[in-house]
Amino acid sequence: MMPPSEATRSVLHIDLDALVANYRLLVSLLSGSRCGAVVKADAYGLGAEKISVALAAAGCEDFFVASVDEGIALRRHLPAKRIFVLDGVDSGDAREAAARGLIPVLNHRAQVEAWMRATASPGAIHLDTGMTRLGLSAADIDSMIASGALDRVRPQLLLSHLACSEDAAQTMNQAQRLAFVRVLDRLAPIQASLANSSGIFLGTDFHFDLVRPGAALYGINPTPNAPNPMRQVVQLKGKIVQLRDVDSPRTVGYGATHRLNGTARIATISVGYADGYLRALSNQGSGHIGNVRVPVVGRISMDLTTLDVTAAPLAACQPGEFIELIGPRNPVDDVAAEAGTIAYELLTRLGPRLARVYEGG
Ligand SMILES: *Cc1c(COP(=O)(O)O)cnc(C)c1O
């Protein structure tokens with residue numbers, strides 16, 4: 001990746017030490033379970049290679065991606081770790097997945113059959129306990145036990161996914177856990193995995209053999225009703241390209257949606273919605289210059305964003321200086337809330353045009 005330089009438009013700093021600290025914090029909550037890592041969607045936009053290699057160095061043995069393509073790409077960097085493919089395989093890619101030593105999560109009968117035709121390697125199987133998205137029903141699994149199909153698959157992991165884990169008060173969490181245990185008892189001995197990031201915080205009953213955090217590793221709050229126990233991993237800094245002093249009434253940006261009535265100072269930064277700084281942050285978002293909060297004014301454009309920096313020291317607003325848009329003072333969850341979305345979407349939209357700079361690790 002390009003190092004930050006005079007030519008850099010804007011920078012996405014990714015703190016690998018914070019990532020590893022988050023991994024260790026999650027590990028410290030477990031007793032006897034393993035902690036995997038979900039690195040689908042290019043590790044939630046942060047770069048699957050760098051993130052996965054750092055986590056592997058910290059002791060992570062089990063990685064989860066969405067697709068076979070993601071698994072093939074990751075295999076080049078992790079020759080000896082378990083890589084699970086959450087979307088599973090079909091008859092078109094099962095052989096390739098087997099050749100790369102990927103472990104598909106088999107979600108329905110046709111995937112089970114495609115995998116058995118391709119290889120004798122064991123897969124994982126997904127039990128749907130309430131998401132109604134991917135996964136076999138308990139009845140499907142019963143009939144696979146009866147027909148002997150399950151014996152031939154020799155699954156090495158039973159997986160299910162929680163629908164409401166970020167809300168510990170939801171009775172659905174226990175209901176899903178019980179549905180999971182009922183099927184698990186019939187398949188034992190087999191490894192089991194139920195918890196995503198928030199599921200880890202529901203307690204050891206939810207941990208089983210392997211937990212599968214994604215969000216919490218990347219600094220997203222897994223307990224939205226309580227303070228965030230995770231460290232921020234991402235810092236997005238927009239470079240000021242122009243500073244504009246205004247002394248008479250005028251409007252800012254497309255649609256003239258923000259009106260300046262007196263004197264003001266407007267900084268234009270080279271970050272826009274094409275970089276994943278969501279257009280919904282128009283007139284809603286804010287950045288920081290030092291400790292001074294500077295609001296986004298007017299609509300966010302494709303490549304540019306305007307902020308009212310009147311309150312900030314003049315020297316810190318000059319072209320070439322940076323405004324923090326995501327970071328310690330602008331946590332990912334808060335920025336996402338300002339945009340009316342969740343931090344998962346904010347991170348996965350951060351665009352390829354941002355220079356990704358890795359620190360620590
Ligand atoms: C994305 C995903 C995860 C990770 O969830 P987080 O909330 O990011 O921790 C775990 N399991 C499955 C099946 C997923 O799709």
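No hydrogens, no waters, no symmetry mates; every other heavy atom, side chains included, goes into these values. Values in this document were obtained by computation on a predicted structure and should not be read as measured data.
The distance from the CG atom of Leu184 to the CG atom of Leu158 is 6.0 Å, given to the nearest 0.5 Å. The distance from atom CG of Leu55 to atom NZ of Lys81, rounded to the nearest 0.5 Å, is 11.0 Å. Atom CG of Leu29 and atom OG1 of Thr204 lie 10.5 Å apart (nearest 0.5 Å). Here Ile141 contributes atom CD1 and Arg182 contributes atom CZ; the two are 12.5 Å apart, rounded to the nearest 0.5 Å.
Taking each heavy atom of Ala336 and Ile342 in turn, the nearest pair found is CB-C, 3.3 Å. Shortest non-hydrogen contact noted between Leu86 and Asn107 is O-ND2, 3.1 Å. Nearest heavy atom pair, residue Glu338 against residue Gly285, reads OE1-CA, 3.4 Å. The two atoms that bring Gly199 and Phe206 nearest to each other are O-CB, 3.7 Å, heavy atoms only. In this structure, Ser52 and Leu78 approach most closely via the heavy-atom pair CB-CD1, 3.9 Å. Between Asn196 and Ser165, the shortest heavy-atom distance links the atoms OD1-OG, 2.9 Å.
Side-chain N or O atoms of Tyr23 include one that pairs as donor or acceptor with a backbone N or O of Cys35 at under 3.5 Å. Not a single donor-acceptor pair under 3.5 Å links the side chain of Thr305 to the backbone N or O of Ile300. In this structure a side-chain-to-backbone donor-acceptor pair under 3.5 Å is present from Asp93 to Asp90. Within the 3.5 Å criterion, the main-chain N or O of Ala192 finds a donor-acceptor partner in the side chain of Asp209. Not a single donor-acceptor pair under 3.5 Å links the side chain of Thr306 to the backbone N or O of Gly298. Between the side chain of Arg154 and the backbone N or O of Ala120 there is at least one donor-acceptor pair closer than 3.5 Å. Formation of a donor-acceptor pair under 3.5 Å by the Thr119 side chain with backbone atoms of Ser121 is found in this model. Under a 3.5 Å cut-off, the side chain of Gln232 and the backbone N or O of Gly219 do form a donor-acceptor pair.
In the hydrophobic clustering of this structure, Leu194 groups with Leu26; members are Ile, Leu, Val, Met, Phe, Trp, Tyr whose side-chain heavy atoms approach within less than 4.5 Å, directly or through other members. Hydrophobic clustering keeps Leu150 apart from Leu134 (ILVMFWY residues linked when any side-chain heavy atoms are closer than 4.5 Å, directly or through intermediates).
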(message) For a side chain to side chain contact (heavy atoms under 4.5 Å, CB included) check, start with the C-alpha distance between Asn221 and Met230, then their side-chain angles and the critical distance, and finish with the verdict.
(response) CA-CA 7 Å; Asn221 188 356; Met230 315 313 298; 5.8 Å; no

(message) Could you go through Leu243 and Gln318, starting from their C-alpha distance and side-chain angles, then the distance that decides it, and tell me whether this counts as side chain to side chain contact (heavy atoms under 4.5 Å, CB included)?
(response) CA-CA 6 Å; Leu243 184 65; Gln318 297 302 319; 3.9 Å; yes

(request) Evaluate the criterion salt bridge (Lys or Arg N to Asp or Glu O under 4.0 Å) for residue pair Asp140 and Arg109; output intermediate values, then yes/no. (result) CA-CA 8 Å; Asp140 290 333; Arg109 287 299 289 263; 5.7 Å; no

(message) What verdict does the salt bridge (Lys or Arg N to Asp or Glu O under 4.0 Å) test give for Lys237 and Glu324, after you've listed the backbone C-alpha separation in whole Å, the side-chain angles of each residue and the deciding distance to 0.1 Å?
(response) CA-CA 4 Å; Lys237 298 204 296 191; Glu324 178 191 298; over 6 Å; no

(message) Pair Phe180, Phe208 - check ring pair (Phe, Tyr, Trp, His ring centres under 6.0 Å), show working.
(response) CA-CA 11 Å; Phe180 187 63; Phe208 296 92; 5.0 Å; yes

(request) Decide yes or no on salt bridge (Lys or Arg N to Asp or Glu O under 4.0 Å) for Asp275 and Arg9, but give the supporting numbers first. (result) CA-CA 10 Å; Asp275 300 298; Arg9 294 179 62 252; 3.3 Å; yes

(message) Pair His13, Glu359 - check side chain to side chain contact (heavy atoms under 4.5 Å, CB included), show working.
(response) CA-CA 7 Å; His13 292 272; Glu359 281 144 21; 2.5 Å; yes

(message) Pair Asn228, Thr223 - check side chain to side chain donor-acceptor pair (under 3.5 Å), show working.
(response) CA-CA 7 Å; Asn228 190 353; Thr223 56; 5.8 Å; no

(request) Could you please spell out the steps behind the side chain to side chain contact (heavy atoms under 4.5 Å, CB included) verdict for Val153 and Leu106? (result) CA-CA 10 Å; Val153 188; Leu106 303 170; 3.9 Å; yes

(request) Step by step, work out the salt bridge (Lys or Arg N to Asp or Glu O under 4.0 Å) result for Glu345 and Arg349. (result) CA-CA 6 Å; Glu345 185 177 22; Arg349 294 273 198 105; 2.6 Å; yes

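Under the side chain to side chain contact (heavy atoms under 4.5 Å, CB included) criterion, Val246 pairs with Arg244, Arg250, Leu260, Ile266, not counting sequence neighbours. By the side chain to side chain contact (heavy atoms under 4.5 Å, CB included) test, Glu70 is found to be paired with Lys40, Val65, Ala66, Ser67, residues two or more places apart in sequence or in another chain being considered. Arg212 is linked by a side chain to side chain contact (heavy atoms under 4.5 Å, CB included) to Val38, Phe64, Leu159, His161, Ser193, counting only residues two or more places apart in sequence or in another chain. Remark: Arg100 pairs with Glu96 by the salt bridge (Lys or Arg N to Asp or Glu O under 4.0 Å) rule, at least two apart or across chains. Residues passing the side chain to side chain contact (heavy atoms under 4.5 Å, CB included) test with Ala163 are Met131, Met172, Gln176, sequence neighbours excluded.
Put simply, the residue from Asp245, Asp308, Asp247 that forms a salt bridge (charged side-chain N to carboxylate O under 4.0 Å, His left out) with Arg265 is Asp245.
In summary, Arg231 and Asp17 do not engage in a salt bridge, as defined by a charged side-chain N under 4.0 Å from a carboxylate O.
Looking only at side-chain heavy atoms (C-beta outward), Pro319 and Val241 stay at 4.5 Å or farther from each other. Side-chain contact between Leu217 and Val233 is absent, with no heavy atoms from C-beta onward closer than 4.5 Å. For the pair Leu354/Leu236, a side-chain contact is recorded, criterion being any heavy-atom separation below 4.5 Å from C-beta on. You'll find the side chain of Ile125 reaches within 4.5 Å of the side chain of Leu187, heavy atoms only. Side chains of Tyr254 and Ser282 form no contact here, defined as non-hydrogen atoms less than 4.5 Å apart. Using a 4.5 Å heavy-atom threshold, the side chains of Val68 and Val89 count as touching. At a threshold of 4.5 Å between non-hydrogen side-chain atoms, the residues Ile269 and Leu325 count as touching. A 4.5 Å side-chain heavy-atom check between Ile103 and Pro122 finds every atom pair outside the cut-off.
A 6.0 Å sphere centred on CZ of Arg34 holds more than 12 heavy atoms belonging to other residues, nucleotides or ligands.
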Distance-only donor-acceptor pairs under 3.5 Å for side chains of residues 287-295, two or more places apart:
from   : atom 1 : to     : atom 2 : distance (Å)
His288 : ND1    : Asn330 : OD1    : 3.2
His288 : ND1    : Asn330 : ND2    : 3.2
Asn291 : OD1    : Arg329 : NE     : 2.8
Arg293 : NE     : Ser286 : OG     : 3.3

